[in-house]
Amino acid sequence: MIEVAHLTKSYGAVKAVDDLTFRVEQGEIMGFLGPNGAGKTTTMRMLTGYMPPTAGSATVAGYDVYKHSLEVRRRIGYLPENLPLYPEMTVESYLLFVARIKGVVAHRRKAQVVEAMEKCSVVEMRQRIIGHLSKGYKQRVGLAQALLNDPQVLILDEPTIGLDPKQISEVRELIRSLRGEHTVILSTHILPEVSMTCTRVAIIDRGRLVAVDSPQNLTAQSAGAERVYLEVAGPADKVEQAVMGLPGVLRTQINAVTAGKVQMEVESQPEQDIRSELAALVVNQSWKLLELRTVTLSLEDIFIKLTTSEERVLTTDMPPA
Amino acid sequence: MRNISAIIGRELRSYFVSPVAYAVLTAFTFISGFFFSLILFDVDRWARQQVEQTARFGGAAQPVDVPGLVLNNYLSTLEVLLIFVLPFITMSLFAEEKKRGTIELLLTSPVRDLETVLGKFFSAYTFFLVMMGASFLPMISMFVFSRPDVGPFVAGYLGIMLFGAALISVGLFVSTLTESQIISAILTFVIILFFWLINAMGPFTTGVAREVLEYLSIVGHMEDFLKGVIASPHVVFYLTLMFFGLFLTYRSVESLRWRG
């Protein structure tokens with residue numbers, strides 16, 4: 001449904017988006033994850049036909065975003081980061097206007113607007129002036145606007161920003177309900193949001209794609225090494241020494257030492273479960289094993305790892321050879 | 001076409017919920033009405049003097065075209081008023097969309113850039129026509145109490161219509177350059193003022209320079225219309241200016257995409 005190939009956007013010497021390539025299949029919900037200024041908004045703006053790419057190409061629903069911009073724009077719903085609302089209009093008249101410029105035929109307009117208002121629960125606000133609404137309601141009116149004309153592709157830039165927890169879960173539920181029928185790209189910097197709503201994640205950092213995968217795979221594979229949490233009643237230095245002596249152990253990290261107890265994390269080579277060796281070691285030394293479990297990296301850890309890894313810093317800071 | 005009318009509809013509604021539209025309309029109606037009375041009294045006094053003088057020297061009284069003179073003076077007053085008022089009508093057109101971020105909605109909906117530009121232009125022009133309607137109210141009294149020549153009316157108002165279209169296209173272009181309505185209005189005013197004052201520089205130059213300066217003057221081309229003559233070079237001048245302004249606007253809106 002969406003195909004992006006070597007998409008690049010430069011502002012002078014600065015590359016806001018640098019050689020992005022990815023695909024989003026029909027019915028998928030793709031999450032864009034990245035720190036502020038990573039190029040998420042710029043990428044979305046290119047996909048919506050708002051700005052042309054400097055190099056590379058992107059097609060949405062089979063149409064090139066630059067050459068057939070109007071065809072693309074007929075098929076997308078877009079919620080920009082800065083809500084495109086006219087504060088002096090009422091919710092309903094605003095949505096009717098958007099429906100009109102989106103090409104919804106006259107006799108379908110009213111019904112479409114009501115449907116969008118219902119989906120975003122703003123029906124009771126239909127006669128209110130947008131300028132008088134709270135941030136949460138404005139956000140929902142913006143979302144309703146994007147849903148008008150039942151677009152094949154939805155591009156949502158920070159859809160849950162400014163909402164309260166209840167509204168956030170409602171919006172997430174709404175986005176999840178679009179899965180299968182609509183193709184959605186959403187950007188966020190709230191990590192749990194991605195694992196809750198998205199079928200796939202693209203991590204973007206400094207304009208470059210760092211990883212694309214399902215949230216589950218990312219969490220599973222990006223770990224790189226196995227981590228085990230260990231709590232033992234015994235002398236800290238001896239425990240550490242003994243653990244380091246085990247085959248396959250890469251490094252240890254002592255979290256806390258309290259009254260004869262030591263809490264540590266042990267990192268071993270990937271795909272090597274050292275829990276039984278650890279347990280045997282502790283028992284052999286006649287220390288007391290208090291806790292032993294594997295530590296799974298959260299998406300947050302992976303995100304930080306991927307966007308701040310040393311290799312990354314080196315490749316971007318070094319001048320091209 | 002449907003998109004253009006959608007944009008005009010929204011824009012006009014915005015005009016009339018904002019106090020600016022009412023302030024401009026009220027001020028314009030009041031000031032133009034005020035000047036109309038002033039001109040009427042002035043012309044009337046002058047005409048009576050003329051009649052008295054010719055009678056004193058025993059000549060036959062020459063007919064004085066009072067409605068024609070009033071019309072001529074009134075329209076040139078309107079022309080000057082428009083130079084001050086139109087920047088307030090065009091200042092928000094694109095500047096406000098940029099400031100609110102709604103420009104992103106317009107540029108990502110299936111509306112051609114040209115349709116957006118024309119929609120904006122015609123909404124400002126419609127508001128201008130409402131103003132012109134208000135300016136016509138005092139004229140009704142002329143038709144009630146005298147029998148003026150219709151020709152000069154048609155020519156004069158046609159001139160004003162073209163003049164307004166040219167000025168609006170300049171203001172429309174300027175409004176794409178900034179997010180600030182104030183800067184938009186001031187810059188538009190300065191540009192129009194420049195093309196107005198160019199006329200005054202004419203007499204200090206000679207030859208080609210003088211011809212160029214006089215040709216570029218936006219008020220110079222109104223003179224024939226005010227005399228009741230519709231001459232094609234002047235029609236062409238205003239239409240050219242209008243199309244040039246619209247073209248620049250179109251290009252500028254297009255460049256908003258590149259500049260982000």
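None of the values given here were measured: they were computed from a predicted structure.
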* Evaluate whether atom CZ of Phe34(B) has more than 12 neighbouring non-hydrogen atoms of other residues, nucleotides or ligands under 6.0 angstrom away. => no
* Could you look at Ser18(B) and say if it's the side chain, the backbone, both or neither that has a heavy atom under 4.5 Å from chain A? => neither
* More than 12 heavy atoms from other groups under 6.0 Å of CZ on Phe88(B) -> no
* **Side chain Arg45(A), main chain Glu104(B), donor-acceptor under 3.5 Å** => no
* Asked: Within a radius of less than 6.0 Å around CZ of Phe30(B), do more than 12 heavy atoms belonging to other residues, nucleotides or ligands occur?
  -> no
* To do: Under 4.5 Å heavy-atom distance to chain B, tell me which part of Glu71(A) shows up: side chain, backbone, both or neither.
  => neither
* Which atoms of Val72(A) come close to chain B, meaning under 4.5 Å heavy atom to heavy atom: side chain ones, backbone ones, both, or neither? -> neither
* Interface residues of residues 234-251 of chain B facing chain A - non-hydrogen atoms under 4.5 Å apart -> none
* Exceeds 12 heavy-atom contacts within 6.0 angstrom, atom CZ of Arg128(A) -> no
* Structure fact -> Ranked by heavy-atom pairs below 4.5 Å to chain B, first place among Tyr94(A), Tyr78(A), Phe97(A) goes to Phe97(A)
* Among Gly9(B), Ala6(B), Ser14(B), Gly101(B), which has the most heavy-atom pairs under 4.5 Å with chain A? -> Ala6(B)
* Asked: Donor-acceptor pair, Arg74(A) side chain versus Pro110(B) backbone, under 3.5 Å?
  -> no
* Structure fact -> Of Leu107(B), Thr102(B), Ile103(B), the largest count of non-hydrogen pairs under 4.5 angstrom with chain A goes to Thr102(B)
* To do: Name the member of Leu70(A), Asn149(A), Ile76(A), Thr48(A) that forms the most heavy-atom pairs with chain B at distances under 4.5 Å.
  => Leu70(A)
* For atom NZ of Lys110(A), is the number of surrounding heavy atoms from other residues, nucleotides or ligands below 6.0 Å larger than 12? -> no
* Identify which part of Leu83(A) has an atom lying under 4.5 Å from any heavy atom of chain B, answering side chain, backbone, both or neither. => backbone
* More than 12 heavy atoms of other residues, nucleotides or ligands under 6.0 Å from OH of Tyr157(B): is that the case? -> yes
* **chain A contact residues among residues 162-196 of chain B, heavy-atom distance under 4.5 Å** => none
* Asked: Can you tell which of Gly103(A), Pro80(A), Ser93(A), Ala146(A) has the highest number of heavy-atom pairs within less than 4.5 Å of chain B?
  -> Pro80(A)
* **Which of Ser69(A), Pro87(A), Gly77(A) touches chain B most, by non-hydrogen pairs under 4.5 Å** => Pro87(A)
* **With Glu158(A) via side chain to side chain donor-acceptor pair (under 3.5 Å) - residues at least two apart** => His189(A)
* Most contacts with chain A, counted as non-hydrogen pairs under 4.5 angstrom, among Thr108(B), Ile7(B), Val111(B) -> Thr108(B)
* Quick one: which residue pairs count as a salt bridge (Lys or Arg N to Asp or Glu O under 4.0 Å) with a foot in residues 6-35 of chain B, not counting sequence neighbours? => Glu88(A)-Arg10(B), Arg10(B)-Glu97(B), Glu11(B)-Lys120(B)
* Report the C-alpha separation of Arg100(B) and Leu85(A) in whole Å, then their side-chain angles, then the decisive distance to 0.1 Å, and conclude whether the side-chain contact (heavy atoms from CB on, under 4.5 Å) test is met. => CA-CA 7 Å; Arg100(B) 290 167 172 175; Leu85(A) 304 173; over 6 Å; no
* From Arg100(A) CZ over to Ser109(B) OG, what is the distance, rounded to the nearest 0.5 angstrom? -> 13.0 Å
* Has Lys99(B) got more than 12 heavy atoms of other residues, nucleotides or ligands less than 6.0 Å from its NZ? -> no
